[in-house]
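Encoded as structure tokens, the structure appears first; notes follow it.
Counting begins at 1 with the first residue of the sequence.
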Amino acid sequence: MERVDVIVLGAGTAGMFCAIEAGRRGRRVLLIDHACKPGEKIRISGGGRCNFTNLQMAHERFLPANPRFALSALRRYTQHDFIARVDAAGIAWHEKTLGQLFCRGSAREIIAMLLGDMAEVGVDLRLATGVERVSRDEGPEAAYRVETAGGALTAPSLVIATGGKSVPKMGATGFGYRIAEQFGLRIVETRPGLVPLTFTDGAREAMAPLSGLSVQARVSRGKVAFEEGLLFTHRGLSGPSILQISSYWREGEPIAVDLADSRDTVAELRAQRALGGRVSVQNALAEIVPAKLASAVLERACLGGRLADHSDGRLDRVGAAVHQ
């Protein structure tokens, strides 16, 4: 039976990072993953360019049951420490909106950096290796026992870094939760977060013409709001603002969407009308939001024709359809 100091299950970001740090402390580390390649979620993150950190990272931005859960970890290793690591690897990056940092090249550069760091400290990486059973042997040399198709392994330290259920097609499963339950650890109820929202069949059909359209929007639930991009898809809504609000949403609760947060639609339409109002309400609204969206809004508000033909009350309905 093969014995090492540390066994890490899961060759994603957390697993590789953990293996590197354990290796730097002189441990013999074995990193196992059932996938054929390491860091698959890194590869697809940020549209293939890896949004690897955020300049505004702070524990207040995390959503655990205990708001201070991430405080000590983030104080001991900050976003600036990881940026320095990326710089040392010669990886070019740039800042997008709201402090988001992306690779200028490919997300594979981050994977290569982590693989290089693992090789430097002698981490043994074994891919395409499924774990069949995990147990703990008690006694004078207490150790965890990990049984794989290739044989049994033991180590006094075992790290489960298999992630959550977020992208099943990438190999993410509930394995980590099952192991935690096996060893009597309390599991917080899981729910989706940072995910798109899907329409019911009727709404999906009505919104289908808008698929592919994106706008800057303000999306809110209660006192929580995000002012970022919103994307209409063939299934519902996506984009940064929707992904963010999804972490705060609960089934049955309303979400408010302002499709033109930086504009006062009613004031602008009234100003256009005061100039004569011969322009169609469709064309006037299309100067505030994209033409396709203007058509959908007016259909919802049951309005058409010339701007001059509409009262303040009707224009208020248009404003509500845009901003609420």
Legend entry - Verdict with reasoning, Phe52 to Trp93, per side chain to side chain contact (heavy atoms under 4.5 Å, CB included): CA-CA 9 Å; Phe52 60 85; Trp93 53 270; 3.6 Å; yes
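Between Leu115 and Met118 the shortest side-chain heavy-atom distance falls below 4.5 Å. The shortest distance between side-chain heavy atoms of His59 and Phe69 does not fall below 4.5 Å. Using a 4.5 Å heavy-atom cutoff, the side chains of Phe199 and Arg235 are not in contact. At a threshold of 4.5 Å between non-hydrogen side-chain atoms, the residues Asp33 and Leu9 do not count as touching. Side chains of Asp316 and Val318 form no contact here, defined as non-hydrogen atoms less than 4.5 Å apart. Between Asp124 and Leu31 the shortest side-chain heavy-atom distance does not fall below 4.5 Å. Side-chain atoms of Gln100 and Thr97, non-hydrogen and from C-beta on, do get closer than 4.5 Å to each other. The shortest distance between side-chain heavy atoms of Asn54 and Gln79 does not fall below 4.5 Å.
Note on Val121 and Ile111: same hydrophobic cluster, where clusters join Ile, Leu, Val, Met, Phe, Trp and Tyr whose side-chain heavy atoms are under 4.5 Å apart, directly or indirectly. One hydrophobic cluster, built from ILVMFWY side chains closer than 4.5 Å, cannot hold both Phe17 and Ile160; they sit in different ones.
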Donor-acceptor contacts, no H, no angles, side chain residues 273-291, under 3.5 Å, sequence neighbours left out:
unit_1 : atom_1 : unit_2 : atom_2 : d
Arg273 : NH1    : His310 : O      : 2.7
Arg273 : NH1    : Asp312 : OD1    : 3.2
Arg273 : NH2    : Asp312 : OD1    : 2.4
Ser280 : OG     : Asn283 : N      : 3.0
Ser280 : OG     : Asn283 : ND2    : 3.3
Gln282 : OE1    : Ser295 : OG     : 3.2
Gln282 : NE2    : Ala291 : O      : 3.4
Gln282 : NE2    : Ser295 : OG     : 3.3
Glu287 : OE1    : Gln272 : NE2    : 3.2

Donor-acceptor contacts, no H, no angles, side chain residues 218-232, under 3.5 Å, sequence neighbours left out:
unit_1 : atom_1 : unit_2 : atom_2 : d
Arg218 : NE     : Glu227 : OE2    : 3.4
Arg221 : NE     : Tyr248 : O      : 2.7
Arg221 : NH1    : Glu253 : OE1    : 3.2

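Residue Arg24 qualifies as enclosed at atom CZ: its count of foreign heavy atoms under 6.0 Å is above 12. Counting non-hydrogen atoms of other residues, nucleotides and ligands closer than 6.0 Å to NZ of Lys41 gives a total above 12. Within a 6.0 Å sphere centred on CD of Glu205, heavy atoms belonging to other residues, nucleotides or ligands number 12 at most. For Arg317, the CZ atom sits in a packed shell: over 12 heavy atoms of surrounding residues, nucleotides or ligands are nearer than 6.0 Å. Tyr77 OH: more than 12 foreign heavy atoms inside a 6.0 Å radius.
Thr129 and His34 share no donor-acceptor pair across their side chains, judged by distance under 3.5 Å alone.
Remark: Arg126 engages Glu2 in a salt bridge, criterion side-chain N to carboxylate O under 4.0 Å. Salt bridge status for Arg145 with Glu147: present, with a side-chain N to carboxylate O gap under 4.0 Å. Residues Asp81 and Arg76 are not paired through a salt bridge, judged by the lack of any N-O separation under 4.0 Å between the basic side chain and the carboxylate. Between Glu138 and Arg136 there is a salt bridge, since a side-chain N of the basic residue sits under 4.0 Å from a carboxylate O of the acidic one. The pair Lys37-Glu40 does not count as a salt bridge, with every side-chain nitrogen at least 4.0 angstrom from each carboxylate oxygen.
At distances below 3.5 Å, at least one donor-acceptor pair connects side-chain atoms of Thr233 with backbone N or O atoms of Gly236. Put simply, the side chain of Ser246 gets close to the backbone of Val195: a donor and an acceptor are under 3.5 Å apart.
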